[in-house]
Amino acid sequence: MGKLAPRSAFAGLLHSAGPSAAPGVLVREETGLGLATVFARAPYFPRLVQSAYGIIPPETSQVVSNGAVAFIGTGPGKWLALSRNGAAGWRDELATALGVTGSVIDQSDGFGVLRVSGEKVRATFEKGFPVDLHPSVFKPRSVAVTLVAHIGVTLWQIDDAPTYELAIARSFAGSFAHWLTSSAAEFGLRVEV
Amino acid sequence: MSGRRLASGGLINRAAPVRFAFDGRDFAGFAGDTVASALLANGVGLVGRSFKYHRPRGVFSAGPEEPNALVELRNGTRREPNTKATTAELFAGLVARSQNRWPSLAFDVLAINQLASPIFVAGFYYKTFMWPAVLWEKLYEPLIRRAAGLGKASVETDPDSYEKATAFCDVLVIGSGPAGLMAALTAGRAGARVIVAEEDFPLGGRLLAETYEIDGMPGAAWTAGVEAELRALPNVRIMRRTVVFGVYDGGTYGALERVSDHLAVPPPHQPRQRLWKLVAKRTVLAAGAIERPVVFGGNDRPGVMLASAVRSYANRFGVAAGERIAVFTTGDDGWRTAGDLLAQGVTVAAVIDPRTEVAPAVRALAGGAEVYLGAMVRDAHGAHGLRRIDVVRADGSSVSIAADVLAVSGGWNPTASLATHHGARTEWSDTKLAFLPGKTPPGLAVAGAAAGNFTTAEALADGVRLGNEAAVALGFTATSIAAIRTSDESFAVAPLFHVAAARTKAFVDLQNDVTVKDIALAEREGFRSVEHLKRYTTLGMATDQGKTSNVNGLAIMAELTGRSIPETGSTRSRPPHVPVAIGAFAGLHKGLDFKPTRLPASHGWAVARGAVFVETGQWLRAQWYPQPGETDWLTSVTREVKAVRGGAGICDVSTLGKIALEGPDVGAFLDRVYANMFSTLPVGRARYGLMLREDGIVMDDGTTARLADERFVMSTTTINAGKVMQHLEFCHQVLWPELDLDMVSVTEQWAQFAVAGPSSRQLLQTLFGPGVDLSDAAVPYMAARELQLDSIPARLFRLSFSGELAYEIAVPARFGAALAGALVTAGAGLGVVPYGTEALGVMRVEKGHVAGNELNGTSTAGDLGLGRMLSSKKDFIGRTMAARPGLVDPARPALVGLRPVDRAQRLRAGAHFLARDAKAEAANDAGYMTSVVFSPELGHWIGLGLLANGPQRHGEIIRAYDALRGEDIAVEVVPPVHVDPEGVRLRG
Amino acid sequence: MRIDCPFCGSREIVEFSYLGDAGVQRPAPDAGSVFTDYVYLRDNVAGRHREYWYHGSGCHSWLVVERDTRSHEIFSVDYAHRETVR
Ligand SMILES: [Zn+2]
């Protein structure tokens with residue numbers, strides 16, 4: 001048998017739309033991420049995360065990152081742990097690092113992740129996100145798990161540009177791409193690779 | 001008819017003429033006009049026919065309260081009835097038509113309804129068409145619909161898009177008149193995040209329509225200065241063309257932004273309208289007030305208008321509403337209409353005021369015009385437009401005055417309905433002669449005219465005060481605003497709601513054609529409460545929601561019953577405050593986007609193979625895969641079933657819910673949520689589990705596998721995946737927080753395929769290669785293995801839904817599509833086929849497995865033949881209640897198999913069971929057929945059903961009665977497992 | 001209506017599911033007919049009411065919300081079982 005070819009969640013689903021000269025929204029699928037749902041199960045869990053990655057998992061809806069690895073707070077004692085070093089081995093690496101202090105469940109294929117930025121990204125997100133993304137409220141490192149056009153989304157802010165990343169359950173990628181395209185088209189949406 | 005545009009003035013752009021058409025005639029207006037102002041400027045006074053009596057009607061107001069000037073706007077797919085000409089912005093090429101007239105506006109055949117007015121009286125729906133009921137559909141309804149219509153909507157698909165959006169703020173300011181502007185400015189300067197929502201296209205509210213000066217500037221110029229400062233504040237957002245229509249819990253407001261209603265066609269990628277949820281910590285309602293008319297005879301004649309509207313047309317649009325304008329006012333404010341008109345050089349025919357004395361400064365506004373104090377307008381005359389009015393003096397003498405417009409002012413009604421959206425009522429003020437907001441929704445304060453503070457000075461002060469209060473309440477520091485100089489207005493007004501001496505029809509509700517006589521009739525017939533009055537006469541129930549009629553109607557009822565206005569009551573308003581198109585509520589979610597669609601990883605692969613799809617909840621699943629030459633589904637499905645049972649097939653089962661459970665207490669937890677035992681499940685094995693609700697009814701079923709000592713994966717049905725997750729989290733977080741485990745859905749992580757059929761092991765051996773031992777000893781029935789497929793983590797379960805030797809293989813979803821292809825390649829020599837949910841269903845019915853049709857929310861484990869699964873060794877959810885006598889009654893309908901006695905006959909799901917000789921009536925109902933399929937194996941239709949005392953009736957012949965299709969056939973009751981009852985095959 | 005989730009912050013009601021009275025206690029396994037009350041009997045409170053809400057579209061926490069059923073005013077929101085928060 002030949003190797004099985006992977007296909008990313010948003011493959012073939014993102015299309016540029018609207019004015020192309022100075023697009024207000026830029027989107028790119030982040031592929032090659034390792035994702036895992038992590039639960040803390042013992043008090044020394046944060047210390048083990050810190051010794052492995054130099055960061056302390058936030059106890060609120062925040063994201064903490066060391067550049068390569070991020071812990072995204074998605075619930076009490078629950079994180080989406082993200083690695084930019086790829087999916088292969090990520091779950092096992094975390095499980096080894098955390099031992100019995102945490103539960104680690106591979107989700108690298110459970111979500112598609114988009115990186116969205118641009119001048120009009122807030123104006124676009126307003127058309128779907130029912131949470132306040134004003135810069136005085138939602139800042140770099142803020143996280144929201146919510147519903148956009150009836151689709152579950154985990155959103156976290158990367159920088160002040162603003163740049164956001166969003167994790168969307170894989171099966172919803174087509175519907176989410178449709179919402180994003182429709183909502184951003186008036187400002188111009190450019191798909192980056 | 002002549003042009004009535006004044007030589008100068010107004011906020012229109014005279015350099016930008018705009019062509020438009022009304023009833024097929026071409027006209028010109030200017031940018032900044034509304035359809036109504038442009039029609040008036042062209043001397044068009046007659047713009048529509050009324051709802052019931054088809055009486056000629058003209059423009060009545062200059063705002064959203066308009067009851068008369070409703071037009072059909074646009075053509076074809078964009079045709080929209082009941083558009084208020086008074087708020088519709090003029091755009092180039094606009095096409096409007098009058099409504100409710102046939103064949104033409106000037107000559108309307110159904111105006112004969114006026115002669116039949118006795119049958120259109122209050123309550124006519126209830127009285128006239130009571131009997132015989134059969135005539136409703138054929139006669140009454142079409143008649144009423146033709147006679148009493150309100151324009152026609154396009155029946156074609158709306159070509160435009162709609163959006164929904166959410167915005168948050170500290171302070172929401174509704175309205176941008178003097179009060180709203182100052183509230184926004186004060187809160188904005190203090191640093192609060194402010195949203196100003198203005199229904200109109202410019203900011204300013206009444207300031208645009210008046211000639212008052214503020215800080216030495218005309219209102220419009222002063223507004224422009226404030227607007228410029230607001231725009232410069234980064235924390236202030238101005239939303240024009242946005243009407244707030246409802247107040248909801250938690251500081252949530254519904255608003256509609258008319259993004260493109262003022263354009264012929266929405267710009268590319270922009271919606272027609274956008275529905276907003278505005279979430280505000282504090283709100284200042286500064287929606288102003290609507291002038292109240294006085295009801296008199298013939299008060300619906302085109303040319304009878306609100307006095308404030310006549311001022312709006314003159315001052316804001318540079319239009320004289322008529323050539324000889326009379327003013328009928330019960331208060332000082334109406335006199336300003338005379339003053340403004342005279343200043344513009346328009347002839348004022350007379351000023352009529354029922355008060356015998358007015359202040360000299362007010363009297364001076366009428367200049368040299370004739371003044372009638374202590375007098376009222378009794379009747380207005382003129383067929384298609386006002387020609388003269390009869391004025392009656394206190395002594396009973398009357399005089400007839402020629403006029404083509406009568407400007408009427410009976411005081412002002414605060415626009416406070418939003419303040420009553422949380423169930424509060426407004427309160428009548430005898431000093432203001434108006435209903436004022438009482439208790440308001442949490443966080444909402446009312447400013448300016450909406451609070452009954454009608455003067456500009458009061459409105460400005462209210463705005464400053466409430467803007468500051470809101471800001472300070474949110475932790476900002478109050479800002480001081482220098483005193484603002486305004487001209488001094490007086491709002492003295494006398495109570496006069498209708499002229500009792502009227503000799504002709506006097507209309508209270510212009511849009512619904514409700515007259516004073518209708519109210520009197522309602523009173524005589526006992527419908528005296530305002531809620532009854534409203535429903536019986538339809539007063540205030542038209543699209544304008546009675547904005548210019550409710551208070552007058554109420555006052556007339558008070559007079560008729562000898563009660564005060566507060567004793568008579570007031571109606572509460574509910575959202576929406578203005579009509580909102582259904583399209584706006586739907587937003588993006590229409591057609592195929594009605595709900596999100598979930599697609600499994602193999603979807604594209606299935607599309608390429610020509611699959612037909614079926615919706616399963618939000619999922620699209622392949623239902624069958626037609627081959628060339630196959631024209632009906634049964635042929636395709638039968639072929640797929642035969643191929644599976646004869647060789648091998650693959651089916652995507654990724655949509656089933658998958659929940660990962662980890663921790664030392666998972667076993668104990670599963671024992672409590674499943675009816676059967678799981679803590680004893682060895683690592684590397686899977687077990688079928690049955691989950692009950694606490695009331696003892698079956699909730700869901702599926703298999704759960706133990707991958708490692710503390711690591712399990714549960715499968716649920718596709719439909720119940722979310723519900724089961726919620727239930728398990730309740731059990732964990734609320735019932736047994738002491739259990740140490742974690743759980744999360746991994747449905748999306750794994751693409752999972754059933755590989756079924758006698759050749760399935762061989763197929764998988766080809767896929768995995770010789771290095772993996774798939775022998776029965778290594779992977780026995782109900783085994784669960786984690787292994788590698790080309791160094792990809794994979795899971796292999798030996799499960800069978802089809803009754804054949806079968807497996808389920810799972811890989812990370814990114815490899816799902818590729819795995820589907822690889823499975824087909826691996827099975828190339830084995831006759832492998834992809835099969836869909838339909839073949840899956842056939843095989844499960846052949847095997848007597850229950851599914852959604854049987855797990856119907858009323859069936860118990862016993863009903864499904866699974867009673868032995870209820871463990872007696874432990875407690876579990878539903879255990880106690882499942883033992884209730886009613887749930888263990890052997891007479892309950894329980895699972896059986898069914899076959900037609902005449903094997904050529906087709907079975908029907910939903911058919912009810914009857915004993916052979918029983919009459920087909922509910923009392924004899926013995927259960928029903930839950931699932932039917934054509935069994936390729938047996939060559940005839942088979943079914944599953946729930947039959948009273950079913951398990952004791954194997955071999956009995958009963959009837960399957962399908963009243964819907966008129967079928968009544970003999971069926972044989974058999975055990976539910978139709979094929980391979982010994983289960984030899986799955987152990988292959 | 002908006003609920004102030006202790007983890008996620010203020011969210012609109014569509015993100016939550018309702019399960020009713022939070023005052024009921026699941027009876028002991030052999031409590032017998034008391035289960036009937038537990039499963040079926042609820043007061044229809046007009047006024048302050050402590051009730052279960054599930055933030056299914058957010059953090060998946062089960063919450064206890066004290067709410068006035070007449071005005072929808074919310075007095076308190078907390079995790080259904082604080083001890084599960086580690
Ligand atoms: Zn939450």
Side-chain angles (χ1 to χ4, degrees), chain A residues 1-9 11-12 17-19 31 35 37-41 77-78 87-88 91-92 100 102-111 123 126-134 136-137 149-151 169-176 178-179 182-188, chain B residues 161 163-168 193 267-271 274 277 279 587-589 593 595-601 603-604 618-619 654-655 660 662-663 710 740-742 744-751 766-769 789-793 811-819 821-822 825-826:
Chain A
M1 299 303 304
K3 281 259 181 214
L4 297 184
R7 187 177 170 83
S8 70
T31 55
L35 298 169
T37 302
V38 176
F39 296 89
R41 284 181 40 205
K78 182 170 71 171
R91 186 250 156 217
D92 293 346
V100 296
S103 301
V104 184
I105 295 111
D106 191 7
Q107 299 280 18
S108 301
D109 294 59
F111 299 98
E126 209 169 50
K127 301 183 193 180
F129 283 88
V131 292
D132 191 354
L133 298 181
H134 189 271
S136 66
V137 177
H150 308 302
I151 300 166
R170 183 184 187 97
S171 68
F172 287 102
S175 287
F176 188 82
H178 174 70
W179 169 81
S182 310
S183 302
E186 70 167 298
F187 311 115
Chain B
S161 64
E163 284 183 352
K164 295 201 268 194
T166 311
F168 296 79
R193 284 167 67 194
H269 309 296
Q270 292 212 28
R274 192 177 283 134
K277 273 184 195 163
V279 183
L588 201 64
H589 304 290
D593 299 308
K595 61 182 180 188
T597 303
R598 301 179 74 177
L599 301 175
H603 181 77
Q618 292 178 318
W619 290 95
S654 308
T655 62
E662 299 205 359
E710 298 188 359
D740 185 3
L741 75 151
D742 298 307
V744 66
S745 168
V746 288
T747 307
E748 300 277 353
Q749 166 68 15
W750 298 93
T766 309
L767 181 78
F768 280 100
L789 177 62
D790 289 332
S791 65
I792 297 163
V811 293
R814 75 185 65 184
F815 302 108
L819 178 62
T825 307

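Residue numbering restarts at 1 for every chain, and letters A, B, ... go by the order of the sequence lines. Quick note: numbers below take in every heavy atom, side chains included, and nothing from hydrogens, waters or symmetry partners.
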Which one wins on heavy-atom pair count under 4.5 Å against chain A: [options]?
options                                : value
B/His269, B/Gln270, B/Glu163           : B/His269
B/Trp619, B/Phe815, B/Phe168           : B/Phe168
B/Gly663, B/Ser654, B/Ala167           : B/Gly663
B/His603, B/Lys277, B/Arg274           : B/Arg274
B/Thr747, B/Asp593, B/Val279, B/Val746 : B/Asp593
B/Pro596, B/Ala165, B/Ser161           : B/Pro596

Residue, of [options], that accumulates the most heavy atom pairs under 4.5 Å with chain B:
options                              : result
A/Ala169, A/Ser182, A/Ala9, A/Ala184 : A/Ala169
A/Ser108, A/Ala88, A/Ser136          : A/Ser108
A/His150, A/His134, A/Lys78          : A/His134
A/Leu133, A/Ile151, A/Val131         : A/Val131
A/Asp106, A/Leu35, A/Val100          : A/Asp106

Quick one: closest heavy-atom pair of [X] and [Y], and the distance?
X        : Y        : value
A/Pro19  : A/Ala185 : CD-O, 3.2 Å
A/Arg91  : A/Val104 : NE-O, 3.3 Å
B/Arg598 : B/Glu748 : NH2-OE2, 2.5 Å
A/Thr31  : A/Ser8   : CG2-CB, 3.6 Å
B/Leu767 : B/Leu819 : CD2-CD1, 4.0 Å
B/Gly816 : B/Ala601 : CA-CB, 4.0 Å

Flag side-chain contact, heavy atom, 4.5 Å: [X] against [Y]:
X        : Y        : answer
B/Leu789 : B/Phe768 : yes
B/Arg814 : A/Arg170 : yes
B/Val744 : B/Gln749 : no

Can you tell which part of [X] gets under 4.5 Å to a heavy atom of chain A, answering side chain, backbone, both or neither?
X        : answer
B/Glu662 : both
B/Trp750 : neither
B/Ser745 : backbone

Problem set entry | Residues A/Lys3 and B/Ser791: side-chain donor-acceptor under 3.5 angstrom |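 Checked: A/Lys3/B/Ser791 side chains pair up, N/O donor to acceptor below 3.5 Å.
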Problem set entry | Part of A/Thr37 lying under 4.5 Å from any heavy atom of chain B |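 The side chain, not the backbone.
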Exercise. A/Phe129 versus chain B, heavy atoms under 4.5 Å apart: side chain, backbone, both or neither?
Worked result: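 The backbone, not the side chain.
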